[in-house]
2 protein chains.
Amino acid sequence: MTAPTHADETPAGPDIDDEVLLLLRRADQRYTTGRRRLVAALQSGDGPLTINQILDVDRSLAQSSVYRNLMVLEQVGAVVRIVTRDEFARYELAEHLTEHHHHLICTSCGDVADFALDDSMESSLDEALHKAADTRGFAVDAHRLDLLGTCGDCG
Amino acid sequence: MTAPTHADETPAGPDIDDEVLLLLRRADQRYTTGRRRLVAALQSGDGPLTINQILDVDRSLAQSSVYRNLMVLEQVGAVVRIVTRDEFARYELAEHLTEHHHHLICTSCGDVADFALDDSMESSLDEALHKAADTRGFAVDAHRLDLLGTCGDCG
DNA sequence: TCTGGGACTGATAACGATTCTCACCCTCGG
DNA sequence: CCGAGGGTGAGAATCGTTATCAGTCCCAGA
């Protein structure tokens, strides 16, 4: 269990829990124990998790429910689905619940970790992206930046 | 981008064809007509293509051969596999056969188009990425930058 | 508190993109 | 011209993901 920044005791962090609850309510959905467990599991890594990793973190979760609830949480905007190069989809809490960040994808073991650019770089990048997209008549919602390489464990 | 200069009779543009041939030879693989057709098909769009799009471009290709040959071409380094948000994998010619670029991914229709950042932005980004990765003990091979939003057709 | 209905769950079946299998073809060296 | 691999194509098999469905739980109203 590695809550990124704050060291706290509650399963999913009270702030995030509240946020998720709100998002679910807004869509007439309930925040059940299974969903709370799922959100807590997603927080336990320092990067996006695969279904199997989630099931591994919390054995009390049923596979079909995990798939279904991840779908719900994604529609609600609490969770983001990520596809890397390998065959498994990965999920993580949405950015507005955490912080803007990017991914370090290890092409050897397939693991994904988070990292962030410093603010000035991030904003000038953002500006450049919007400019580039505009000339193509493309309306940007978000950007996604991944680094491919080998992680410390594999290197 | 498509064959930049001369319009020729050969399916895939002589320069790229030669490059691919070399890559295949290096791995003791042949550059058969089916593979040439495949490479030509990949050049026909201005972005990565799905298997179905490829089959659509050239009806003479067999699905299983397309899958197999894309795998071969990927191992050889002539083709890159890309996974977006939707359920289909997409393939495009490797960067050293074309130019460094990024992707505009339409979250509405799922289509993918290419775009490039200007050089100064690209290199300062690259530098920032390496710096960020170094502090995590991560060795960067490449980066991948996608813009998510709606394309002109869907907007 | 009781009750009804709708949301949620979990086991299982179905789905579908991708991969594997295998018999046949084609190409290249001798 | 022949033989040995690599390539091909049609279909079967794989496996992550989705859909189904009966049973359970939770909330609102009586």
Side-chain angles (χ1 to χ4, degrees), chain A residues 20-42 48-76 78-92 110 112, chain B residues 11-12 17 20-21 23-42 48-76 78-92 110 112:
Chain A
V20 174
L21 175 59
L22 184 64
L23 289 169
L24 284 168
R25 279 278 162 75
R26 198 176 291 165
D28 283 309
Q29 298 273 347
R30 299 178 189 158
Y31 197 14
T32 63
T33 3
R35 290 176 182 177
R36 282 175 199 276
R37 283 229 188 82
L38 179 52
V39 170
L42 287 175
L49 300 180
T50 65
I51 299 290
N52 285 331
Q53 288 173 325
I54 292 171
L55 291 174
D56 225 52
V57 168
D58 190 336
R59 296 309 186 94
S60 72
L61 296 172
Q63 191 195 48
S64 57
S65 294
V66 170
Y67 273 111
R68 188 177 342 98
N69 286 331
L70 283 172
M71 213 179 297
V72 170
L73 289 169
E74 192 188 9
Q75 284 172 348
V76 155
V79 154
V80 173
R81 174 198 204 147
I82 290 170
V83 270
T84 63
R85 182 178 305 268
D86 64 27
E87 65 251 70
F88 305 106
R90 287 162 194 270
Y91 296 83
E92 69 179 352
V112 181
Chain B
D17 247 17
V20 174
L21 175 58
L23 289 169
L24 284 168
R25 279 277 164 74
R26 198 176 293 164
D28 283 309
Q29 297 274 348
R30 296 178 191 159
Y31 198 15
T32 63
T33 9
R35 291 175 182 177
R36 281 175 201 275
R37 284 228 188 82
L38 180 52
V39 169
L42 287 175
L49 300 180
T50 66
I51 300 291
N52 285 332
Q53 287 172 325
I54 292 170
L55 291 174
D56 224 53
V57 167
D58 190 336
R59 296 309 186 96
S60 72
L61 296 172
Q63 191 194 48
S64 57
S65 294
V66 170
Y67 273 111
R68 190 180 337 102
N69 286 332
L70 283 172
M71 212 179 296
V72 169
L73 289 170
E74 191 188 10
Q75 284 172 348
V76 155
V79 154
V80 173
R81 173 198 205 151
I82 291 170
V83 270
T84 64
R85 184 177 303 266
D86 63 27
E87 65 251 72
F88 305 107
R90 287 161 195 270
Y91 296 83
E92 68 179 352
V112 181

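Values below: all heavy atoms of this structure, side chains included; hydrogens, waters and symmetry mates excluded. Each chain gets a letter, A, B and so on, in the order the sequences are listed, and its residues count up from 1. Owing to the predicted nature of the structure, the values given are computational and were not obtained by experimental measurement.
In this entry the distance linking CZ of A/F88 with P of D/dC15 reads 10 Å, nearest Å. Look at CZ on B/R30: it is 10 Å from C1' on D/dA4, rounded to the nearest Å. Counting to the nearest Å, the C1' atom of C/dT19 and the CE atom of B/M71 are 6 Å from each other. Across the protein-nucleic acid pair, A/D28 atom CG and D/dC26 atom C1' stand 14 Å apart, rounded to whole Å. Rounded to an integer number of Å, the gap from B/Q29 CD to C/dC28 P is 14 Å. Going from atom CD1 of B/I54 over to atom P of C/dA17 covers 15 Å, rounded to whole Å. Distance A/L38 CG to C/dC8 C1': 14 Å, rounded to the nearest Å. In this structure, the CD atom of A/E74 is 12 Å from the P atom of D/dT17, given to the nearest Å.
Remark: B/L55 CG to B/T50 OG1 distance equals 8.0 Å, nearest 0.5 Å.
The phosphate of C/dT18 (OP1 or OP2) has a side-chain N or O of B/Y67 nearer than 4.0 angstrom. Look at B/S64 and you won't find any side-chain N or O under 4.0 angstrom from OP1 or OP2 of D/dG9. Residue A/N69 places no side-chain N or O under 4.0 Å from the OP1 or OP2 atom of C/dC8.
Closest to the A/A62 side chain, of the nucleotides D/dG9, D/dT17, C/dG10, is C/dG10. With C/dT18, D/dT17, D/dT8 as the choices, the nucleotide that has an atom nearest any side-chain atom of B/S65 turns out to be D/dT8.
A residue-by-residue look at A/R90 and A/T33 shows that A/R90 has its nearest nucleotide of DNA chain D further toward the 5' end.
Taking the side chain as every heavy atom from C-beta outward, A/L49 and A/D56 never approach each other to under 4.5 Å.
Residue contacts shown for B/T32 are limited to sugar-phosphate atoms, with no base heavy atom under 4.0 Å away.
Minimum interatomic distance between A/A89 and A/R81 (heavy atoms only, all atoms of both residues): CB-NE, 3.8 Å. In terms of heavy-atom proximity, A/R90 sits nearest to A/G110 at NH2-O, 2.7 Å.
Tested against B/L61 for a side chain to side chain contact (heavy atoms under 4.5 Å, CB included), the candidates B/I54, B/I51, B/N69 yield a single pass: B/I54.
Within 3.5 Å, a donor on the side chain of A/R68 pairs with an acceptor on the base of C/dG10, or the reverse.
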